[in-house]
Visitor: 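Got a structure for you, written out below as structure tokens; questions coming shortly.
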Amino acid sequence: TCNDKTIKLWRLFKRQIKQVARMNLDGRTARPAQPLWHLRIPRVIPTETVIAATPRRVYANAHSFHINSLSTSRDGTSFISADDLRINLWNLEDHLTTFTVVDIKPESMDDLSEVITTAEYHPQHGSVFAYATSRGCVRLCDMRSSALCDTAAKTFTAPADGSQSMFYSGMISSVSDLKFSPDGRRIVTRDYLTLKVWDVNMESRPLMTIPVHEQLRPHLTRLYDSDVIFDRFECSLSRCGTRVLTGSYSNNFHIYDLSAQYGMAVQACRAMPRKRPTSKPRSSSRPAPPLTGTTIGGRSCLRAGKPEPAADALDTEKKVLHLSHHPLEETVAVSTISNLFIYSAVHSVPGAAEL
């Protein structure tokens with residue numbers, strides 16, 4: 001874990017809470033409740049088991065700017081930490097030494113054109129990682145070719161969107177999160193308005209673009225005035241690599257099935273989850289329609305199902321920014337401003353899963 005500039009490694013363990021039982025006093029008087037010959041020896045009995053955490057190592061004084069992401073290697077022996085201008089490589093056993101593998105700080109800060117927004121280790125190769133920038137590009141780096149990865153092995157950049165002014169295009173194209181698929185062959189990125197799925201072998205354009213907040217595009221000026229446009233939404237991939245999870249406003253989070261090209265929105269609340277399909281429900285008798293408003297292979301697909309809620313209907317004070325898939329189970333953790341929700345998939349028919 002980390003705060004602004006300090007990283008800590010924690011040890012998690014189960015601890016039993018114990019309390020004294022079989023007391024001789026009844027709590028209402030200082031005298032024993034039973035005759036003296038019935039006095040009992042108090043016993044300590046376990047009552048419950050809790051998860052406790054203790055810090056093992058502190059990795060400090062290595063970042064000049066706020067840390068925005070951490071990622072551990074596949075073998076668990078090292079991790080990378082990223083701030084606005086640098087990415088550092090650490091060994092878990094050595095908290096005093098770090099190596100800078102990416103440094104985009106120019107000689108003059110007036111020449112700064114982009115900052116690092118997030119970084120992620122490759123799930124299969126301990127020498128490969130990717131990082132994204134505020135200009136919307138993703139760079140894949142290999143430490144086997146160079147110790148200082150200022151020149152990326154691959155750079156993924158989406159074609160410029162000419163429908164927005166230059167003032168807002170940089171804000172909405174800034175990548176807030178990126179995740180590798182479990183096999184490492186795809187990269188999923190999230191910016192303010194869309195999710196993008198990249199093939200690591202195709203740098204020119206994303207394999208798929210999924211609009212999440214398309215209805216907010218005409219209202220960027222109002223969102224900028226209220227600082228909402230700077231919200232950083234995370235994304236998460238399931239262990240099978242076919243379902244993508246990301247957050248939205250009004251305490252909604254979106255689930256997209258990339259293989260079936262189908263998505264739905266779920267509201268995180270204490271009541272039963274309310275699901276709103278973004279396309280027609282999947283049927284076993286006919287193929288599923290494409291995701292609502294997606295662009296696949298450079299071609300736009302027709303919208304299907306219920307329309308997305310209007311921009312005025314979205315409550316920007318209620319939002320889901322943080323979420324994650326369980327690494328082994330079909331379970332997701334979703335965080336709103338004040339609550340943490342755990343959802344599990346229910347298999348109603350073979351091969352299908354719903355919350």
Side-chain angles (χ1 to χ4, degrees), residues 1-3 8-17 46-55 68-72 76 79 118 120-121 123 176-182 188 190 195 210 212-213 231-260 262-278 281-282 291 309 314-355:
T1 64
C2 70
N3 53 21
K8 292 184 179 180
L9 175 67
W10 299 79
R11 184 175 72 90
L12 303 181
F13 60 96
K14 294 182 179 180
R15 185 178 65 183
Q16 283 191 334
I17 302 298
T47 57
E48 60 177 335
T49 301
V50 298
I51 302 297
T54 58
N68 54 48
S69 57
L70 298 174
S71 180
T72 56
F79 69 93
T118 183
E120 181 82 5
Y121 247 124
S176 59
D177 196 17
L178 74 85
K179 291 292 187 296
F180 280 97
S181 62
V188 177
R190 172 66 202 268
L195 271 171
I210 305 171
V212 181
H213 289 154
D231 286 338
R232 292 171 51 88
F233 293 95
E234 294 181 355
C235 61
S236 178
L237 271 166
S238 62
R239 58 173 180 157
C240 60
T242 60
R243 285 186 289 275
V244 183
L245 193 69
T246 191
S248 181
Y249 292 113
S250 297
N251 283 348
N252 289 328
F253 62 96
H254 297 253
I255 307 171
Y256 298 101
D257 192 320
L258 303 180
S259 60
Y262 169 76
M264 72 168 51
V266 181
Q267 186 178 45
C269 59
R270 294 179 181 271
M272 291 294 292
R274 295 190 301 174
K275 295 175 288 187
R276 186 185 70 252
T278 57
R282 184 176 182 179
L291 291 169
L314 292 177
D315 187 353
T316 56
E317 296 297 323
K318 299 178 180 179
K319 62 192 77 174
V320 174
L321 298 179
H322 307 289
L323 38 76
S324 180
H325 273 92
H326 192 284
L328 301 177
E329 303 174 3
E330 292 189 352
T331 302
V332 297
V334 178
S335 173
T336 61
I337 296 298
S338 57
N339 294 292
L340 176 66
F341 297 90
I342 307 295
Y343 292 93
S344 295
V346 177
H347 295 270
S348 54
V349 295
E354 61 179 10
L355 290 179

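Index from 1, following the sequence.
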Visitor: As an exercise, state the distance from CD of Glu120 to OG1 of Thr72, rounded to the nearest 0.5 Å.
Guide: 8.0 Å
Visitor: Does any non-hydrogen side-chain atom of Ile337 lie less than 4.5 Å from one of Lys319?
Guide: yes
Visitor: How far apart are the closest heavy atoms of Leu237 and Val244, and which atoms are they?
Guide: CD2-CG2, 3.5 Å
Visitor: Show the nearest heavy-atom pair for residues Gln267 and Tyr343, with the distance to one decimal.
Guide: O-OH, 3.8 Å
Visitor: Going from CZ on Phe253 to OG on Ser248, what distance comes out if it is rounded to the nearest 0.5 angstrom?
Guide: 11.5 Å
Visitor: Taking all non-hydrogen atoms of both residues into account, name the closest pair between Arg239 and Pro182 and its distance.
Guide: O-CG, 3.2 Å
Visitor: Hey, could you give me the OG1/CZ distance between Thr54 and Arg11, rounded to the nearest 0.5 Å?
Guide: 4.5 Å
Visitor: Is it the case that the side chain of Ser335 and the backbone of His322 share a donor-acceptor pair, with hydrogens and angles ignored and the cut-off at 3.5 Å?
Guide: no
Visitor: About how many Å separate CG of Leu178 and OG1 of Thr118, when rounded to the nearest 0.5 Å?
Guide: 5.0 Å
Visitor: Measure the spacing between NZ of Lys179 and OG of Ser236 and express it to the nearest 0.5 Å.
Guide: 6.5 Å
Visitor: Heavy atoms only: give me the nearest Phe233-Tyr249 pair and the separation to one decimal.
Guide: CZ-CZ, 3.6 Å
Visitor: I'd like to check Ser238 versus Glu330 (side-chain heavy atoms, cut-off strictly below 4.5 Å). Are they in contact?
Guide: no
Visitor: Flag the pair Asn339 / Arg270 as yes when at least one side-chain heavy-atom distance between them is below 4.5 Å, and no otherwise.
Guide: yes
Visitor: Can a donor-acceptor pair be found, under 3.5 Å and without considering hydrogens, that links the side chain of Thr49 to the backbone of Lys14?
Guide: no
Visitor: Say whether, by atom type as modelled, one donor and one acceptor occur between the side chain of Arg232 and the main chain of Ser176 under 3.5 angstrom.
Guide: yes
Visitor: Determine yes or no for a side-chain-to-main-chain donor-acceptor pair under 3.5 angstrom, with Asp257 supplying the side chain and Tyr262 the backbone.
Guide: no
Visitor: I need the minimum non-hydrogen distance between Thr246 and Arg190, along with the two atoms involved.
Guide: OG1-NH1, 2.6 Å
Visitor: Taking all atoms of both residues into account, what is the closest heavy-atom pair of Pro46 and Gln16, and its distance?
Guide: CB-OE1, 3.6 Å
Visitor: Rounded to the nearest 0.5 Å, how far apart are CG of Leu245 and OG of Ser324?
Guide: 8.5 Å
